[in-house]
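What follows is a single structure, written as structure tokens, with notes after it.
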Amino acid sequence: VYVIFWLDILLNFRTAAQDETNGNILEWRAWRVAELYCRGWLCVDLLGVLPYDAIEKGVRGDDTQTLQILKMVCLAGKG
């Protein structure tokens with residue numbers, strides 16, 4: 001499953017994006033698409049590919065609650 005999300009991230013760097021700062025035009029230049037993606041959804045997408053199960057196994061105590069909150073933030077950003 002993680003492989004699919006990583007592929008999605010890579011494709012988002014190469015897929016045309018809507019540039020809202022420039023009159024909602026469809027942007028095709030690779031550097032500009034990457035810039036728009038980095039300023040937009042990249043952070044949320046990266047949170048989505050973190051292996052939370054493996055991280056939780058290595059964390060002890062109350063830190064698990066922090067990971068649960070990060071999961072909820074990630075899911076809320078995807079919706």
### Query
Taking only residues two or more places apart in sequence or in another chain, which ones pass side-chain hydrogen bond (donor to acceptor under 3.5 Å, both in side chains) with Q18?
none

### For C43, all residues meeting side chain to side chain contact (heavy atoms under 4.5 Å, CB included), sequence neighbours excluded
none

### Query
Other hydrophobic cluster members with L26, side-chain heavy atoms of Ile/Leu/Val/Met/Phe/Trp/Tyr under 4.5 Å, chained?
W28

### Residues in salt bridge (Lys or Arg N to Asp or Glu O under 4.0 Å) contact with R32, at least two apart in sequence or another chain
D19, E35

### Task
Assess whether side chain to side chain contact (heavy atoms under 4.5 Å, CB included) is satisfied between W6 and L10, documenting all intermediate values.
CA-CA 6 Å; W6 279 110; L10 291 175; 5.7 Å; no

### Query
Is D45 close to Y37 at the side-chain level, that is, under 4.5 Å between some pair of heavy atoms?
yes

### Summary
Minimal heavy-atom distance between E27 and V33, with the atoms involved, is O-CG2, 3.3 Å

## Note on the structure
CD1 (I25) and CD (E20) are apart, to the nearest 0.5 Å, by 12.0 Å

### Task
Kindly say whether I4 contributes a backbone atom to a donor-acceptor pair with the side chain of D8 at under 3.5 angstrom?
no

### Message
Side-chain heavy atoms nearer than 4.5 Å, only ILVMFWY residues, links allowed to pass through others: does that put L36 and I9 together?
### Response
no

